[in-house]
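All chains are named by letter (A, B, ...) in the order of the sequence lines, taking the proteins before the strands, and each is independently numbered beginning at 1. In what follows, every heavy atom counts, from backbone to side chain, and hydrogens, waters and symmetry copies are set aside.
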Protein chains: 2
Amino acid sequence: MNPMTAARSRLSPADRPQLGLRERKKIKTREAIRDATYALIREQGYDATTIEQIADRAEVSPSTVFRYFPTKEDIVLTDEYDPLMLEELRARPADEPWMDSLRHVIHMSLDAMMAEDPDAVRMRAHLGIQVPAVRSRMVESMSETGRMLRGALAERTGLDPDGLDVRVYAMSLTGGLMEVYMHWAETGFQGELVDLVDRALDVLEHGLPTGNP
Amino acid sequence: MNPMTAARSRLSPADRPQLGLRERKKIKTREAIRDATYALIREQGYDATTIEQIADRAEVSPSTVFRYFPTKEDIVLTDEYDPLMLEELRARPADEPWMDSLRHVIHMSLDAMMAEDPDAVRMRAHLGIQVPAVRSRMVESMSETGRMLRGALAERTGLDPDGLDVRVYAMSLTGGLMEVYMHWAETGFQGELVDLVDRALDVLEHGLPTGNP
DNA sequence: CTATATTTTGAGAGCTACTCTCATTTCATG
DNA sequence: CATGAAATGAGAGTAGCTCTCAAAATATAG
């Protein structure tokens, strides 16, 4: 899922020998840039970290950094879970209640991300509440996930994926889930993210506990 | 409300004689900058319009432009309806169902904005779908409205405004409403925005028409 | 292995949003 | 009118990002 946006498939280039030298090198540079960025941000913070510094530490030129990532925020974020989620969603039984499917799929992605690099998950959330540009990019990426969700939802319900209803519904879901992520970071990462997401899904399904909806 | 973000109180400086010359002049420059920006964007588009051009046409220096607006996006957006909404929300009878109150308040703000400058409302929506930076700023501004909503909601329900549930609920509302605004722009401004908002609120309250929620 | 074609990279110039500083101008007040 | 305060303009500086072009690295054919 996207709120947490990103977490590369951390297979070292050597693990994919079927790829040519060129491809393997590209993966390596990509990782070098990202690692350099994370390290520098940890040392100096996001704003104090310039592209030039990142390039230096990753041992590439600034041009190359921009060739790999369109913006500075994208170095930190960049998502790769949407296709996986979509596939998983489609694989669910067609008669399963939508919310159950969603819950299942989110659990999956979350587990995958936490298994991959739990530190990065937290760091991204942290940057999300501190750096407006990062939060923006995160929201953007969330709403891409939202579009994917619309597609899946439309398949299930037979509704128009671009109709107002589906759009509103999907976006309210993604908005709510985004807020979970931010809340988690703002409260110092207390509790398991998965549990918070579950509570959020309850709210989204049944309204506020008060019943006021 | 905020999705539409902004619409100045268009009272010419002369209408507020109680203010000193200094204050009146400030209002005038603010408007001059905004008008110049709108005009230039209409002529050339957002990206092609530079701060320098805006400054020239508004007959101020670039420095002054930034003194009045922190970013280029803010020249276009800048919201002033939140306090009004909050006041109006508080004035509603305490036993009125929350959704009814919300609906009422949104109608109000929407009417106010459309009465003020309907053209600007459309233009902002249009920029929102075309220019990522503007959309970002709009989302940001939306989530400020969301925070305000949390406060009002907490007063009503007695829940913690910073608790997960209220946050998720409020953000899912704002997210859904934001999507209405985008949908409206993407479909060429067909139909009345108010009607679309009403439909959206139905979805947010009762789930999708299918009943799948 | 060599030659050629294709990709990837680096260097550098250039644009623009945005920040900061300081002198100058403009308004407010006694 | 004089003095203090606020608003403005000019200008230098930073950093993200784009574009171009030549050099380097890799793939492919003979």
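- The pair A:E179-B:R150 meets the salt-bridge criterion, with a side-chain N (NZ, NE, NH1 or NH2) lying under 4.0 Å from an Asp/Glu carboxylate O.
- Rounded to whole Å, atom C1' of C:dT25 lies 10 Å from atom NZ of B:K25.
- Remark: P of D:dT8 and CZ of B:R30 are 12 Å apart, rounded to the nearest angstrom.
- No donor-acceptor distance shorter than 3.5 angstrom exists from the side chain of B:T64 to the backbone of B:V60, with no hydrogens or angles considered.
- When each of B:R67 and A:E73 is assigned the nucleotide of DNA chain D bearing its nearest heavy atom, the one mapping closer to the 5' terminus is B:R67.
- Nearer to the 5' terminus of DNA chain C, by closest-nucleotide assignment, is the contact made by A:T64 (compared with the other of A:T64 and B:E23).
- Rounded to a whole Å, the CD atom of A:E59 is 21 Å from the P atom of C:dT8.
- In the set D:dA10, C:dT9, D:dT26, the nucleotide with an atom closest to the side chain of B:S61 is D:dA10.
- C:dA17 atom P lies 19 Å from atom NZ of A:K72, rounded to whole Å.
- For B:R22 and C:dT26, a side-chain-to-base donor-acceptor distance below 3.5 Å is present, hydrogens and geometry of angles not being considered.
- At D:dA7, one or more side-chain N or O atoms of B:K26 fall inside 4.0 Å of OP1 or OP2 (strictly under the cut-off).
- Summarising the geometry, the separation between CG on B:D74 and C1' on C:dC18 is reported as 12 Å, rounded to the nearest angstrom.
- B:I27 places its CD1 atom 16 Å from the C1' atom of C:dC27, with the value rounded to the nearest Å.
- Residues A:E43 and A:R57 are paired through a salt bridge, judged by an N-O separation under 4.0 Å between the basic side chain and the carboxylate.
- Cation-pi geometry between B:K72 and B:Y46 is met: under 6.0 angstrom from the ring centre, within 45 degrees of the axis.
- With DNA chain C read from its 5' end, the first of the two nearest nucleotides for A:Y68 and B:T49 is the one closest to A:Y68.
- With D:dG16, C:dC18, D:dT20 as the choices, the nucleotide that has an atom nearest any side-chain atom of A:T50 turns out to be D:dG16.
- Below the 3.5 angstrom threshold, one finds a donor paired with an acceptor across the side chain of B:S63 and the base of D:dA10.
- Atom CD1 of B:I75 is separated from atom C1' of C:dT16 by 13 Å (rounded to the nearest Å).
- Atom CD1 in B:I51 sits roughly 13 Å away from atom C1' in C:dT19 (whole-Å rounding).
- Using a 4.0 Å cut-off between a side-chain N of Lys or Arg and a carboxylate O of Asp or Glu, A:D202 and A:R199 do not qualify as a salt bridge.
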